[in-house]
Amino acid sequence: MSVFCRQTGLRQAGLAAPRRAARRLMAGLVLACGLLSAGSAALAQGFQSQAPYAVLLDSDTGAVLYEKAADELMVPASMAKLATVLVAFQDLNAGKLTLDSEIGISENAWRKGGGPSGGSAMFAILNSRIKLSDILQGIIVQSGNDASIALAEAIAGDEPTFGRIMTERVRGLGLTKSVFRNATGMPDPQQRVTARELALLADHIIKTYPELYKIFGQREFTWNKIRQQNRNPLLTMDIGADGLKTGNIEESGFGLVGSAVQNGQRLVLVVNGLKSARDRATEARKLLEWGFRAFERRQLFAAGETVGEASVYGGEKGRVALRSKSAVSLLLPRGSTERLAARIVYRGPLTVPVQEGAEVARLVVTRGDIRTLDIPLYAAESVQAGTLQSRALDALLEATTGWVRKALSRS
């Protein structure tokens, strides 16, 4: 077990807590993990996917259970439609749209994405007007390119503008790498995503829009007298799956963003780059089944319990306690031999005033090369500016120790 302190980039990373807090965090991890020894990351994962890109995360804790090229850019194909429906869900939530809002089917949407295109389509009729509730089913269940383009035109006027909105909206969720250029996932040299960010986007949709998310679990949808089955193969398996979206174009291979719930635990997965629809279904199912059986949950801290402390510059107190709003738990491989490392990461020292409840740090736990936990930490109390004398002492201390952080940031 190692709990270490370092500085990276602009953020000071480490256990910025007194020794008792460091011992508390270490003790919690020892309790959670039992006796741990060093081991390889591949062995710790206990599973190898044939997918060139893959990620599996636990929705409740945010723990990454498996990853493979999860941060490398890849072609999303129709999995890009998750960002398309995100924009619609956000606009519904903001009152800009209603489920009864009518969406017009332009010639561009009909010709480029409808029946004449030869791709996946809702088969909307040219110049018809369709309620948003049906358009969403056409996008999610039928993967309709015509429905996606029509939605983009209704919201943004044209698809390129809508692509920029998609990118802006995911940036607002903290997804920094993915770029969208159209609403359908059709080929575009600049349209790229990562498996990790697709999983985080899916998890956000599930948690933020639970009622609308139910559409993803719908087995079929009929429009224009054409009944189509949901393309998600997980929905036909008895594994608790209830979403999300498949994708396949020549440039991407076969991909899937999926989610399933068993015994109250939700997992979210992404696989991409597979050679066939059968491989996609097989790999997704294997990854989910392994995730449900190979891990166990251990609690480190109760909700509101002090996790550590952060240094404060120029305050009436030199440190502030850090807490998590919810219980802190880890999902650990059964019988794991992988070494864990924990650190509190923050831009520091914190400057006054520090407001109680403000997010000021993160608790990061890694297992080998995998970041298995990354959660926000909040100030447990407010800290106001200190006396002139205490601020002067802090300034002197910062001047004499600042070079250490700068040296570490270059290491």
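The figures here come from the full heavy-atom set of this structure, side chains too, leaving out hydrogens, waters and symmetry mates.
Side-chain N or O atoms of Asp146 include one that pairs as donor or acceptor with a backbone N or O of Ala124 at under 3.5 Å. With hydrogens and angles disregarded, a donor-acceptor distance shorter than 3.5 Å links the side chain of Arg192 to the backbone of Asp188. Without hydrogens or angle criteria, Arg231 side chain to Gln142 main chain gives a donor-acceptor distance under 3.5 Å. At least one donor-acceptor pair closer than 3.5 Å links the side chain of Lys68 to the backbone N or O of Ala51. The main-chain N or O of Val75 is found under 3.5 Å from a side-chain atom of Asn272 such that the two form a donor-acceptor pair. One N or O on the side chain of Tyr66 and one on the backbone of Ser49 form a donor-acceptor pair closer than 3.5 Å. In this structure, the side chain of Asp91 does not engage the main chain of Lys96 through any donor-acceptor pair within 3.5 Å. A donor-acceptor pair is defined here as one N or O able to donate and one able to accept, closer than 3.5 Å; such a pair exists between the side chain of Asn230 and the backbone of Gln218. In this structure a side-chain-to-backbone donor-acceptor pair under 3.5 Å is missing from Ser329 to Arg297.
In this structure, Ser78 and Ser143 approach most closely via the heavy-atom pair OG-OG, 3.4 Å. Thr194 and Asp71 make their closest contact through CG2-O, 3.6 Å (heavy atoms, listed as atom of the first residue, atom of the second, distance). Shortest non-hydrogen contact noted between Val55 and Leu287 is O-CD2, 4.3 Å. Scanning both residues, Val307 and Ser324, for their nearest heavy atoms gives CG2-N, 4.3 Å. Pairing each heavy atom of Val271 with each of Ala284, the nearest pair is CG2-CB, 4.4 Å. Listed here is the closest heavy atom pair of Ala361 and Leu322: CB-CD1, 3.9 Å.
Taking Ser252 as the reference, nothing meets the side chain to side chain donor-acceptor pair (under 3.5 Å) condition, with sequence neighbours excluded. In terms of the ring pair (Phe, Tyr, Trp, His ring centres under 6.0 Å) criterion, residue partners of Phe89 (sequence neighbours excluded) are, by chain and number, Tyr209. In this structure, the side chain to side chain donor-acceptor pair (under 3.5 Å) partners of Gln229, at least two apart in sequence or on a different chain, are Glu220. For Glu289, the side chain to side chain donor-acceptor pair (under 3.5 Å) partners two or more places apart in sequence, or in a different chain, are Arg285.
The CG atom of Leu212 lies 13.0 Å from the CD1 atom of Ile206; values are rounded to the nearest 0.5 Å. Atom CD1 of Ile103 is separated from atom CD1 of Ile149 by 13.5 Å, given to the nearest 0.5 angstrom. Atoms OG and CG, from Ser178 and Leu201 in turn, are 8.0 Å apart once rounded to the nearest 0.5 Å. Separation of atoms CZ (Phe295) and CG (Leu56) is listed at 7.5 Å; rounding is to 0.5 Å. To the nearest 0.5 Å, the span separating CG on Leu198 from CG on Leu256 amounts to 10.5 Å.
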- Task: Under the side chain to side chain contact (heavy atoms under 4.5 Å, CB included) rule, what do Gln262 and Ile239 come out as? Steps first, then yes or no, please.
- Result: CA-CA 7 Å; Gln262 291 185 16; Ile239 57 174; 4.0 Å; yes

- Message: Test salt bridge (Lys or Arg N to Asp or Glu O under 4.0 Å) on Arg129 and Asp134; report intermediate values, then the result.
- Response: CA-CA 10 Å; Arg129 298 189 67 79; Asp134 292 322; over 6 Å; no

- Go through the steps for Val360 and Tyr346 under the test side chain to side chain contact (heavy atoms under 4.5 Å, CB included), then give the verdict. CA-CA 6 Å; Val360 295; Tyr346 65 101; 5.8 Å; no

- Task: Take Thr161 and Asp158 through the test side chain to side chain donor-acceptor pair (under 3.5 Å) and record every step on the way to the result.
- Result: CA-CA 6 Å; Thr161 302; Asp158 58 69; 2.8 Å; yes

- Task: Decide side chain to side chain contact (heavy atoms under 4.5 Å, CB included) for Leu373 and Val328; before the verdict, give the C-alpha distance in whole Å, the side-chain angles of both, and the deciding distance to 0.1 Å.
- Result: CA-CA 9 Å; Leu373 188 69; Val328 180; 3.8 Å; yes

- Message: Let's go through Leu175 and Leu200 carefully: what are the C-alpha distance in whole Å and the side-chain angles of both, what is the deciding distance for side chain to side chain contact (heavy atoms under 4.5 Å, CB included) to 0.1 Å, and is it a yes or a no?
- Response: CA-CA 8 Å; Leu175 310 185; Leu200 292 172; 3.9 Å; yes

- Query: Can you list the steps and then say if Gln50 with Asp279 is a side chain to side chain donor-acceptor pair (under 3.5 Å)?
  - Reply: CA-CA 8 Å; Gln50 298 302 311; Asp279 289 345; over 6 Å; no

- May I have the step-by-step check of side chain to side chain donor-acceptor pair (under 3.5 Å) for Thr184 and Asn182, ending in yes or no? CA-CA 6 Å; Thr184 61; Asn182 58 56; 3.3 Å; yes

- Query: What's the verdict on side chain to side chain donor-acceptor pair (under 3.5 Å) for Asp60 and Gln265, showing C-alpha distance, side-chain angles and the deciding distance?
  - Reply: CA-CA 7 Å; Asp60 183 39; Gln265 180 188 12; over 6 Å; no

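In this structure, the side chains of Arg323 and Glu305 stay at 4.5 Å or more apart for every pair of heavy atoms. The side-chain heavy atoms of Pro233 and Thr246, taken from C-beta on, include a pair separated by under 4.5 Å. Within the 4.5 Å cutoff, no side-chain heavy atoms of Val312 are placed close to those of Pro349. Contact of the Pro76 side chain with the Gln191 side chain is registered, since non-hydrogen atoms from C-beta on lie closer than 4.5 Å. A heavy-atom distance below 4.5 Å is not found between the side chains of Val141 and Gln228. At least one side-chain heavy atom of Leu151 sits under 4.5 Å from a side-chain heavy atom of Leu132. With contacts defined as side-chain heavy-atom distances shorter than 4.5 Å, the pair Val170/Phe180 qualifies. The side-chain heavy atoms of Val364 and Ile344, taken from C-beta on, include no pair separated by under 4.5 Å.
Lys177 and Glu197 are not joined by a salt bridge, as no carboxylate oxygen comes within less than 4.0 angstrom of a charged side-chain nitrogen. Ion pairing of Arg181 with Glu159 is absent here, as no side-chain N (NZ or NE/NH1/NH2) approaches a carboxylate O to less than 4.0 Å. Between Glu283 and Arg280, no side-chain nitrogen of the basic residue sits less than 4.0 Å from a carboxylate oxygen of the acidic one, so the salt-bridge criterion is not met. Electrostatic pairing of Asp374 and Arg371 counts as a salt bridge here, judged by a charged N lying under 4.0 Å from a carboxylate O. Electrostatic pairing of Glu67 and Arg196 counts as a salt bridge here, judged by a charged N lying under 4.0 Å from a carboxylate O.
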Distance-only donor-acceptor pairs under 3.5 Å for side chains of residues 350-359, two or more places apart:
from, atom 1, to, atom 2, distance (Å)
Glu359, OE2, Arg362, NH1, 3.3

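For Arg171, the CZ atom counts as densely surrounded, since its 6.0 Å shell holds more than 12 non-hydrogen atoms of other residues, nucleotides or ligands. Heavy atoms of other residues, nucleotides or ligands lying less than 6.0 angstrom from NZ of Lys207 number more than 12.
Annotation: cation-pi pair Lys325/Tyr378 present, NZ/CZ under 6.0 Å from the ring centroid and within 45° of its normal.
Defined by atom type and a distance below 3.5 Å, a donor-acceptor pair is missing between the side-chain atoms of Asp100 and Thr98.
The stretch residues 249-273 participates, sequence neighbours left out, in these salt bridge (charged side-chain N to carboxylate O under 4.0 Å, His left out) pairs: Asp242-Arg266.
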